[in-house]
Asks: 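To start, I am sharing the structure in question, which I have written as structure tokens.
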Amino acid sequence: MNLAVDLSIAAGLVVLAWRSLAGRDLFRGIVMYIVFGLLLAVTWARLGSPDLAMAEAAIGAGVTGALLMVAYWRLRRISPAEPADPSPRRSHLAAAVALLSTGVVAAIGLAAVGAIGPGGIAGRALVEALPATGLGNPITGVLVVFRNLDTVLEVAVLLAAYLAVRAVLGDRGETLAQPPPQVARLVGALVGVVAPLSVLVAVYLLRVGSYLPGGAFQAGAVLAACGVLLLLTGRLRATADAGPWVRGSLVVGTVVFGLFGVAMLAFGEPLLAIPGTWAVYLIETAMMVSIAVTLMLLFAGAAGLGGGRR
Amino acid sequence: MSLLLPALLLFLLANLFAGLWRVHRGPTAADRMLSALLIGSTSVAAVLVLAEWQQLPALRVASLLVVMLAAVISIAYAAIAQASAGSPGAPDAEAAER
Amino acid sequence: MTSATVWVLAAASIFGIGLYALIVARHLLRQLVAVNVMGSAVFVLLVVAAGPIAGSLDGIPLALVLTGIVVAVSATGFALALIVRLAEATGSISLEHDGEPDDR
Amino acid sequence: MTAVELLATGMLVVGAAFYLAGTIGLLRFPDALSRLHALTKADNVGLLLVCAGLGLLSGNLREAALLLLIWLLALLAATISAHLIARRALADGVEVEMRERVPR
């Protein structure tokens, strides 16, 4: 029964990957990719990782799908003469290269599964070292305590992506597509329920993230998806300049994490030592705000955010 | 009980894959979007069944997120469909399909 | 055939499909989807190849993949900004002109 | 098997049947609006029954409340999504297809 479930989800993923990328209709490919994201959330659930299922639900199925749809619309508007579905280019090598890479990836994966046995060495060290940190969720342990330099840099990568988008698009506050005004009240009812609930769930995920599935990345992803909803319904507006709140939110994750880590040096501790769970909560809250605001701005493709119409 | 939940899961997955046929066929963009709606609802049920079967209660929070944010896609679609109405948008790609 | 084998083979196939589409697709949006699909395959491979420890999954690849998902969407946002800017500047949604590859 | 388990099993099976009905409607009905009609009703009832069955199986009031919240949200989201999609289908002129009754 276990194998049958694994086989059907895995086969579904392969078919969806193929259908997202094949065929002539680009819009169909985007819908297929959204469904691919949904099935990937089911995959993480099946593999036993609620953390990844949460992040995938908010990002894979929510933010990325909306991002691709809005980009599709923008491209149709910018260059309506271009075909939405140009025919694939002919390549004699493509199939051979793809087959070869499939074989290499499969060989690497099968070798890894066969060679290491139950869990990696670092993974076993993690299980042993985790109780000393006072955390119960190994992922939060890795992100905030054991490999925290990586995490600071990952939040910095988000900031870099924001700066790169600004450099490419310049300072613009483009109005995103809005749903038709006739359905504004209906959509408002949905936003009125989903937005407060998203904040509640994000705070819940942040709170339980130290001992249960959850944490800054999942909470930030939820808030970002909620922000995408607000941008799509005109509750938030993309603006051409970033106000002090937006600037502060963008850097607060990196700054709090970084300052905290450096400050620990003054107390004779190693760089980025974490003195207790209170510090974990502080850092995670700052990271959540940065992740959420950065992803919202990347979606809007704009410098800042402002209040929109009610 | 040990057999019921995986069997239900496989059944839901079969439904999900059957819904893919409608995403594939269309013929209109609306057909594809409403199939995605059904698939979203089916995957919520699948994650809930997995939560009970694998005894991972946190997966219920994950399915709450799927439900909460599934509407983002529909609203994005409604927004872009409104904006592209009258211009060569989704419908012409569908015409090529037939 | 074990579950881990199934997932590894699926991830490898998805990676191959993504790479093939990345090579043959002309539309930049489709190429971007292909990169995302390849990324997802790598995520699945990372989690599955590490294997479980004492009944639960290895936390280190999970943490890598969790940050990877968020970084992937930010990279997608950046790539879309580049694509939109390219379309504005040249009116083209592809890196080619008239079906002929660029002399680059 | 206890009475509660029996009841839960019944609910899960009937819920699955509703999902099947929705899928059949999606595949067999002739046009976008009637497909929408079929699946928005069937899959919401299906989700309700699956949630109720799983809530009984979990035997925990807190989990059952969460499942109820999930269903209510699904109801809200599905209603509004379906309305938005139907509106777009009408704007695309699907009603013409409706009169023709072309079996697909």
Side-chain angles (χ1 to χ4, degrees), chain A residues 2-3 6-7 10 13-14 17-18 20-21 26 29 33 40 47-49 51-52 55 59 63-64 67 71-72 74-75 78-79 82 86 88-89 91 94 98 101-102 105-106 109-110 112-113 118-120 122-124 126-127 138-139 142-143 154 157-158 161 164-165 168-169 217 291 298 301, chain C residues 3-21 23-27 29-30 33-34 37 40 44-45 47 49-54 56-60 62-63 65-67 69-71 73-78 80-85 87-88 91-94:
Chain A
N2 283 5
L3 192 62
D6 285 322
L7 263 175
L13 273 183
V14 174
W18 168 50
S20 324
L21 299 169
L26 185 60
Y33 182 69
L40 206 53
L47 291 174
S49 174
D51 293 275
L52 295 186
I59 288 184
V63 179
T64 311
L67 204 53
Y72 173 80
R74 276 186 177 161
L75 290 176
I78 294 167
S79 45
E82 284 277 334
R89 76 186 59 153
S91 166
S101 73
T102 304
V105 173
L110 292 176
V113 166
R124 270 172 274 164
L126 170 65
V127 172
I139 301 178
V142 173
L143 289 178
E154 259 141 6
V157 165
L158 288 188
V165 168
V168 169
L169 292 181
F217 280 83
I291 291 167
L298 283 170
Chain C
S3 290
T5 320
V6 169
W7 287 112
V8 167
L9 291 180
S13 317
I14 295 168
F15 188 89
I17 290 168
L19 186 61
Y20 181 80
I23 298 171
V24 302
R26 273 183 223 271
H27 201 294
L29 217 49
R30 177 151 272 169
V33 173
V37 164
S40 302
V44 172
L45 191 73
V47 170
I53 302 172
S56 61
L57 289 169
D58 189 340
I60 290 170
L62 291 185
V65 171
L66 183 61
T67 52
I69 290 172
V70 175
V71 169
V73 73
S74 67
T76 304
F78 174 49
L80 287 174
L82 282 175
I83 294 171
V84 166
R85 193 72 194 83
E88 282 175 348
S92 168
I93 38 77
S94 154

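Here is how names work: the chains are called A, B, and so on, in the same order as the sequence lines, proteins then strands, and each is numbered from 1.
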Asks: Can you sort out the partners of A/Thr102 under side-chain contact (heavy atoms from CB on, under 4.5 Å), two or more places apart, ordered by chain and number?
Replies: C/Ala12
Asks: For C/Val8, check side-chain contact (heavy atoms from CB on, under 4.5 Å) against everything at least two apart and list the hits.
Replies: A/Leu110, A/Val113, C/Leu45, C/Val48
Asks: Between atom CG of C/Leu19 and atom OG of A/Ser101, what is the distance when rounded to the nearest 0.5 Å?
Replies: 4.5 Å
Asks: Within this structure, what is the CZ-CG distance for the pair C/Phe78 and A/Leu169, rounded to the nearest 0.5 Å?
Replies: 9.5 Å
Asks: Quick check on the interface: out of A/Leu298, A/Val157, A/Val165, who has the most heavy-atom pairs with chain C under 4.5 Å?
Replies: A/Val165
Asks: Ignoring hydrogens, what is the shortest heavy-atom contact between A/Tyr33 and C/Val33? Give both atom names and the distance.
Replies: CD1-CG1, 3.7 Å
Asks: Give the minimum heavy-atom separation between A/Ala10 and C/Val6, together with the two atoms involved.
Replies: CB-CG1, 3.8 Å
Asks: Is A/Leu13 close to chain C through its backbone or its side chain, or both, or neither, when contacts mean heavy atoms under 4.5 Å?
Replies: both
Asks: Could you grab the distance from atom OH of A/Tyr72 to atom CD1 of C/Ile93, nearest 0.5 Å is fine?
Replies: 11.0 Å
Asks: Which region of A/Leu47, side chain (C-beta onward) or backbone (N, CA, C, O), has a non-hydrogen atom less than 4.5 Å from a non-hydrogen atom of chain C, or is it both or neither?
Replies: both
Asks: If you count heavy-atom pairs within less than 4.5 Å of chain C, which of A/Val142, A/Asp51, A/Leu52, A/Thr64 leads?
Replies: A/Leu52
Asks: At a 4.5 Å cut-off on heavy atoms, which part of C/Ala25 comes close to chain A: side chain, backbone, both, or neither?
Replies: backbone
Asks: Which atom names give the shortest non-hydrogen contact between C/Leu66 and A/Ala55, and what distance separates them?
Replies: CD1-CB, 3.5 Å
Asks: C/Ile60, C/Thr67, C/Val44, C/Val65: which one forms the most heavy-atom pairs within less than 4.5 Å of chain A?
Replies: C/Thr67
Asks: Give, as side chain, backbone, both or neither, the part of C/Val24 having an atom under 4.5 angstrom from any heavy atom of chain A.
Replies: both
Asks: Go through the atoms of C/Leu80 and report whether side chain, backbone, both or neither lie under 4.5 Å from a heavy atom of chain A.
Replies: side chain
Asks: Name the region of A/Leu40, side chain, backbone, both or neither, that has any atom closer than 4.5 Å to a heavy atom of chain C.
Replies: side chain
